[in-house]
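Within every chain, numbering begins at 1; the chains are lettered A, B, ... in the order of the sequence lines, protein sequences first and strands thereafter. No hydrogens, no waters, no symmetry mates; every other heavy atom, side chains included, goes into these values.
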2 protein chains.
Amino acid sequence: MSTRQPVTINDVARAAQVSVSTVSNVLTGNRPVAAKTRQQVLQVVEALGFRPNRLARGLVSRSSKTIGIVASGLEYFGPSRTLVGMEQEASERGYSLLLSLIHDPATEEIEPIVTDLLAHQVDGIIWAIPQIGHNRTWWLNGAHPLPIPVVFLNHQTWPGLVSVDIDNCYGAQLATTHLLESGRQQIGLIAGPSTWYAANQRQKGWASALQAAGKASEPRQIMTGDWSPQSGEQAFYALMKRYPEMDALFVSNDQMAIGAMRAASDLNLRIPEDIAVVGFDDIPEAAFTRPRLTTVRQQVVELGRLAVTALLELIDSSNQQEEQQHNRLLQPSLIVRESSQRLR
Amino acid sequence: MSTRQPVTINDVARAAQVSVSTVSNVLTGNRPVAAKTRQQVLQVVEALGFRPNRLARGLVSRSSKTIGIVASGLEYFGPSRTLVGMEQEASERGYSLLLSLIHDPATEEIEPIVTDLLAHQVDGIIWAIPQIGHNRTWWLNGAHPLPIPVVFLNHQTWPGLVSVDIDNCYGAQLATTHLLESGRQQIGLIAGPSTWYAANQRQKGWASALQAAGKASEPRQIMTGDWSPQSGEQAFYALMKRYPEMDALFVSNDQMAIGAMRAASDLNLRIPEDIAVVGFDDIPEAAFTRPRLTTVRQQVVELGRLAVTALLELIDSSNQQEEQQHNRLLQPSLIVRESSQRLR
DNA sequence: TTGTAGGCGTTATCAA
DNA sequence: TTGATAACGCCTACAA
């Protein structure tokens with residue numbers, strides 16, 4: 001690598017005794033170069049450790065080979081893995097990631113963030129903000145046409161928006177139906193914060209599964225947490241008080257489920273005998289709680305890869321003006337463990 | 001924002017009836033501009049929605065205001081939060097993050113990654129790879145002087161290297177000493193993978209605390225896991241077999257501790273009566289296991305901020321040729337809960 | 001197949 | 001305090 005006193009394409013051209021365009025053509029492959037000259041050039045490139053300056057390249061070619069990721073909630077299971085998936089897919093396809101995090105999705109100004117990404121000449125943006133709120137309406141009111149494609153994660157489908165997501169509604173249906181089929185009658189819900197799109201979808205899935213079974217889903221069956229184990233614990237206490245006949249519980253994520261199970265245990269309720277519990281996420285800990293937690297597994301890494309794939313398709317096609325609309329949903333699966341064993 | 005048919009500094013200059021240099025000076029503040037002209041320019045900038053192209057700016061100013069993050073282990077508690085901290089500090093100070101992840105730190109070629117970052121003209125790099133291995137030796141043999149500063153996370157101190165870290169050794173000492181002081185005699189260890197620097201440090205802390213108490217630390221007291229709850233479960237079984245007199249256990253992270261507690265429970269061992277357990281990390285679940293888990297809390301977000309702060313200092317000072325060496329260690333703290341209650 | 005020259009959008013230098 | 005103009009490093013017509 002050597003202590004780069006920046007070596008430029010000119011240095012290479014000079015050393016290889018060819019013109020800069022030849023060097024450029026060797027490197028980009030945009031025009032054919034005689035095999036012999038190419039070898040010569042590559043050799044010099046290697047020897048000098050030349051790496052084309054991507055700023056300069058991006059400036060003239062109008063493509064930075066960089067995509068902007070706007071994310072939040074990296075402290076949670078899903079979002080952090082999804083970011084890993086995005087990076088994998090992107091780097092495998094020669095793209096770099098410019099990362100912006102939003103820390104308060106409810107209030108934070110998003111225009112500066114997008115503007116900054118644009119100033120960096122990113123080729124596309126992945127909007128990976130799980131929370132609904134003004135960050136959504138900003139996009140939805142359509143007042144902000146962007147010169148580059150955008151792919152949305154955890155977002156409702158919307159005409160003109162490309163989005164990929166886990167099918168959270170289906171996952172919750174899986175969980176709830178499983179509880180019903182194993183003989184449970186009274187199924188409570190600890191929901192995630194209503195500011196999260198996924199939380200709403202999971203609640204919807206829970207309700208629709210109950211409805212499909214001819215059962216009501218009333219507000220008193222529902223408590224809302226903030227994803228934390230602590231909120232799960234509190235929600236459980238509240239739920240038992242107002243809905244004492246509850247014999248099963250769907251919890252919108254595993255962390256809250258862990259809190260809820262702790263609370264059940266403190267109330268001397270047995271799981272699954274007195275009350276069955278199903279979580280969501282399948283975090284590593286889920287298989288090692290007591291009892292081991294039944295939960296819904298989602299392909300979070302795959303989701304990230306999918307988002308990048310979708311974005312790159314848009315980027316490629318936008319050069320050719322073809323418009324395509326593929327909103328894809330990944331199907332989660334149910335992992336049955338001890339916490340929801342059928343009663344005998 | 002408008003459908004950016006890219007508006008350039010020339011457009012602004014023309015509309016404001018000034019020269020491009022004046023516009024530039026207004027925006028960068030590099031040279032004083034008359035208040036009146038400045039107002040005029042700013043107004044046009046606003047009206048046209050002009051944003052300086054950062055590629056162009058970086059090309060000529062030789063500063064991209066971008067820092068490269070090379071990380072791995074984002075699926076774990078510490079690294080994911082640390083990334084959040086880095087982003088916060090960076091964005092607050094006007095820097096963007098270019099993110100590269102390493103997926104197999106043992107074998108992955110690192111030269112291409114560094115080279116790519118360099119090609120992007122990042123102003124500095126934060127090496128946030130928790131694993132030791134050839135990615136370390138690559139740096140340590142000193143054969144790769146870089147034109148930009150690098151800050152290391154989770155790395156041994158080394159002459160000429162700037163590093164910041166959690167004081168893992170001290171944290172493990174806290175935990176182990178706590179167990180000793182609460183009357184435990186036989187203290188086992190479930191270590192993290194030896195490929196992780198932090199895991200080694202925690203083992204060292206455990207051993208040194210034992211030594212300070214005049215106790216031996218023998219290999220049979222130690223089992224190594226891979227951070228997962230499952231490996232913690234297995235390690236516990238193995239440990240009980242070969243070290244049956246064990247009455248306390250320090251586990252190198254909370255996830256493995258959860259697995260270990262599950263195993264203890266399956267063996268009908270009571271915690272803390274039969275065996276006390278202390279973890280490391282203070283993940284949210286730790287306070288809601290049964291029993292609630294005593295653990296070591298580290299300032300993971302702060303660590304990220306610190307890394308960026310250190311890097312930016314280097315960047316600023318490297319323009320002035322002052323060399324400074326501040327290797328900083330963040331002190332973790334002990335959170336005592338049920339799993340290590342003193343025996344009466 | 002190769003070379004020359006112009007330009008990408010910005011900052012920096014040098015005059016005015 | 002302001003303005004022209006030359007870089008920055010690269011790609012890409014256009015010419016040879």
Student: Taking atom CD of E92(B) as the centre, report whether more than 12 heavy atoms of other residues, nucleotides or ligands fall under 6.0 Å from it.
Tutor: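 Counting other residues, nucleotides and ligands, CD of E92(B) exceeds 12 neighbours.
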Student: Touch check for N10(A), heavy atoms < 4.0 angstrom, all strands: base, sugar-phosphate only, or nothing?
Tutor: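 Result for N10(A) = nothing.
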Student: Between dA4(D), dT11(C), dG9(C), which nucleotide gets closest to the side-chain atoms of R57(B)?
Tutor: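 That would be dT11(C).
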Student: Between P on dT10(C) and CZ on R31(B), what's the gap in Å once rounded to a whole number?
Tutor: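 Taking CZ of R31(B) and P of dT10(C), I get 17 Å after rounding.
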Student: To the nearest Å, how far apart are R54(A) CZ and dC8(C) C1'?
Tutor: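 So the CZ-C1' distance, R54(A) to dC8(C), works out to 17 Å.
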Student: Please classify the nucleic acid contact of N30(B) as base, sugar-phosphate, or nothing, using heavy-atom distances under 4.0 Å.
Tutor: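 It contacts sugar-phosphate atoms only.
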Student: Would you mind reading off the distance between N25(A) atom CG and dC11(D) atom C1', rounded to a whole angstrom?
Tutor: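 These atoms are roughly 9 Å apart.
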Student: Of the listed nucleotides (dA7(D), dG3(D), dT4(C)), which one gets closest to any side-chain atom of V18(B)?
Tutor: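 Looking only at heavy atoms from C-beta outward on V18(B), the closest nucleotide is dG3(D).
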Student: Looking only at the aromatic ring of each residue, does the gap between the centers of F152(B) and W158(B) stay below 6.0 angstrom?
Tutor: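 That pair fails the under 6.0 Å test.
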Student: Would you kindly say whether S63(B) and S61(B) are connected by a side-chain donor-acceptor distance under 3.5 Å?
Tutor: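 Short answer, no.
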Student: Should I315(A) and L312(A) be marked as a side-chain contact (heavy atoms from CB on, under 4.5 Å) after you check the CA-CA gap, both sets of side-chain angles, and the distance that decides it?
Tutor: CA-CA 5 Å; I315(A) 291 173; L312(A) 294 191; 3.9 Å; yes
Student: Let's test your reading of the model: under 3.5 Å, does the base of dT2(D) pair with the side chain of T37(B) as donor and acceptor?
Tutor: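 Counting by modelled atom types and ignoring angles, no donor-acceptor contact under 3.5 Å is found here.
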Student: With a non-hydrogen cut-off below 4.0 angstrom, is S24(A) in contact with a base, only sugar-phosphate, or nothing?
Tutor: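 Base contact.
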Student: Name the nucleic acid region contacted by R62(B), choosing base, sugar-phosphate or nothing; use a 4.0 angstrom heavy-atom cut-off, strictly under.
Tutor: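 The answer is sugar-phosphate, as R62(B) gets under 4.0 Å only of primed atoms, P, OP1 or OP2.
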Student: Looking at the side chain of L59(B), which of dT1(D), dT4(C), dG9(D) is the nearest nucleotide?
Tutor: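 Among dT1(D), dT4(C), dG9(D), the one nearest the side chain of L59(B) is dG9(D).
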Student: Would you mind reading off the distance between N53(B) atom CG and dT11(C) atom C1', rounded to a whole angstrom?
Tutor: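 Rounding to the nearest Å, CG of N53(B) and C1' of dT11(C) are 12 Å apart.
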Student: Figure out the CG/P separation between L118(B) and dG9(D), and round it to whole Å.
Tutor: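 So the two atoms are 14 Å apart, to the nearest Å.
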Student: When you measure from the side chain of T66(B) to the backbone N and O of V122(B), does any donor-acceptor pair fall under 3.5 Å?
Tutor: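 Looks like no, no N/O pair under 3.5 Å.
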Student: Categorize T22(A) for me: base, sugar-phosphate, or nothing, with a 4.0 angstrom heavy-atom threshold over every strand shown.
Tutor: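 Here T22(A) touches the backbone only, sparing every base.
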Student: dT10(C), dC11(D), dA4(D): which one has an atom nearest the side-chain heavy atoms of S19(B)?
Tutor: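 Among dT10(C), dC11(D), dA4(D), the one nearest the side chain of S19(B) is dA4(D).
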Student: Start at the 5' end of DNA chain D and walk down; is the nucleotide closest to S21(B) or to A56(A) reached first?
Tutor: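 Nearer the 5' end of the strand: S21(B).
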Student: Check the distance between dC8(C)'s P and R51(B)'s CZ and give it to me in whole angstrom.
Tutor: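 Value for this atom pair: 22 Å.
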Student: By nearest atom, which of the nucleotides dT10(C), dC10(D), dT1(C) is closest to the A34(A) side chain?
Tutor: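 For A34(A), the side-chain atoms sit closest to dT1(C).
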Student: Over how many whole Å does the gap from L55(A) atom CG to dT10(C) atom C1' extend?
Tutor: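 For the pair L55(A) CG and dT10(C) C1', the rounded distance is 12 Å.
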Student: Please report, rounded to the nearest Å, how far the C1' atom of dT1(C) is from the CZ atom of R38(A).
Tutor: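 Computing the R38(A):CZ to dT1(C):C1' distance gives 12 Å.
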